[in-house]
Amino acid sequence: MNERQRPSEIVLGVSGGVAAYKAALLVRLFTEAGHGVTVVPTDAALEFVGRATWEALSGRPVQTGVFENVHEVPHVRLGQNADLVVVAPATANTLARAAAGMADDLLTNTLLTARCPVLMAPAMHTEMWEHAATVANVATLRDRGVTVLDPAVGRLTGSDSGPGRLPEPEQIAAAATALLAGHPRDLSGRHVVVTAGGTREYLDPVRYLGNRSSGLQGVALAEAAVARGARVTLVAANVAVPTPAGVELVEVVSTEDLRRATLEHAAQADAVVMAAAPADFRPVSFADAKIKKRADGQAPTIELVENPDVLVEVVRQRDASTRPGVPVVVGFAAETGDANGTVLDHARAKLARKGCELLVVNDVSEGKVFGRTDSEAVILTAGGEAHEVPLGQKSALSHEIWRHVADLLA
Ligand code: CTP
């Protein structure tokens, strides 16, 4: 959870499934982020993980019914005071009780009294998840504004596998963070590809041509897309920053690697954001052994050849495909003004040349942007609009970019 948060009050409902043990890790993630957590298990949940575990991890007493500590009126107080209610795992039974508006234990009472965002992370066998009753219950809950995550696909409790696994605690925590920050889940069900970092073109086994891109902007974009509900593939070129939770990482070194990986994933994606700085040139040849100094003192001449423009190829692949307008393609431009035009003049020409839908323009005149966590930018649209994004964290700029992408996809 890199995004800065104020401490919040979270009610963590746990219902009765084997995946209840993973909710213990979720308590840890929430408390380590500084949030207050009240765990409200169902009676069935306590068959899987006992009361002592929840009390020790949350540092708070735990109850399941409405007839304990009645003088504190917990059946209304918990829901009213919460900033967020998370139910993980949400079993088919708990989804059904929530959808029907039942109030037969402390958790369902809390769901009825909560006026804050509610996040549910289902876990059950595939047959139960796909049953018409569960499908209808999930639709009802989503209609009412509850965020119901799709379960992960993989090994289930027995030897079988399929959709029904509880999403990883880090993914649930990321969705919770987004809800607490008020971000919409407008990329839910979308697959996005983000490129990050700077490519390297090796001259010999130890030397390369590279650039100053840190990968911070691309990583912030990936994290923001996860928060807005997307499935995210991060094509990362020499990025030292840790990969955000819930992101599929594809590591690349050179512009050709980046080209191959990006085109492959772009073919199925809804959006591609090219935040990477691919090297524009590569050495014509690669020396298998380290290039030695010459006895005559002459420096070697390195002959360069131009690399393909990956962004242009992504646009070309999209335009030749059978999916009109998808993926939405976003480019970045680091520009300086000069005698031939302002930063925006150059950026407008680049947007037209590259054929993308959006171009995020950074003014790099005075060493701004590189390696910093903050950034100011202008988002140019193919329609000619220029949206200024004031100086702020790269995560804020990322959310602005995704807001525009989500609008275009809608
Ligand atoms: N880009 C790319 N492939 C390259 C170079 C750049 O896909 N070989 C992408 C970058 O990821 C970025 C955008 O193109 O999103 C703009 O890159 P930039 O280097 O500013 O553009 P150039 O076309 O190289 O223009 P310039 O002549 O200003 O360097």
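In each ligand, atom 1 is the first atom listed, and ligand 1 is the first ligand listed.
Inside a 4.0 Å radius of atom 27 (O) of ligand 1 there is not any protein heavy atom.
Taking distance alone, with nitrogen or oxygen atoms compared against 3.5 Å, F332 approaches ligand 1 more closely than that limit.
For the ligand labelled ligand 1, residue D309 lies inside the 4.0 Å heavy-atom shell. Under the 4.0 angstrom criterion for non-hydrogen atoms, A275 is not in contact with ligand 1. Contact annotation: K350 has at least one heavy atom less than 4.0 Å from an atom of ligand 1.
A salt bridge links R403 with E400: at least one charged nitrogen is closer than 4.0 Å to a carboxylate oxygen. Under the 4.0 Å criterion applied to side-chain N and carboxylate O atoms, R97 and D105 are assigned as salt-bridge partners.
Each of the following atoms of ligand 1 lies closer than 4.0 Å to a heavy atom of M274: 7 (O), 11 (O), 12 (C), 15 (O). The contact set between ligand 1 and G331, taken as ligand atoms under 4.0 Å from a residue heavy atom, comprises 15 (O). Heavy-atom contacts of D280 reach the following atoms of ligand 1: 4 (C), 5 (C), 8 (N), 24 (O), 29 (O) (cutoff under 4.0 Å).
Contacts between H346 and ligand 1 below 4.0 angstrom, taking non-hydrogen atoms only, are absent altogether. Looking at N307 against ligand 1, nothing comes within 4.0 Å, counting heavy atoms.
Crowding of Q268 atom CD: a count of heavy atoms from other residues, nucleotides or ligands under 6.0 Å not exceeding 12.
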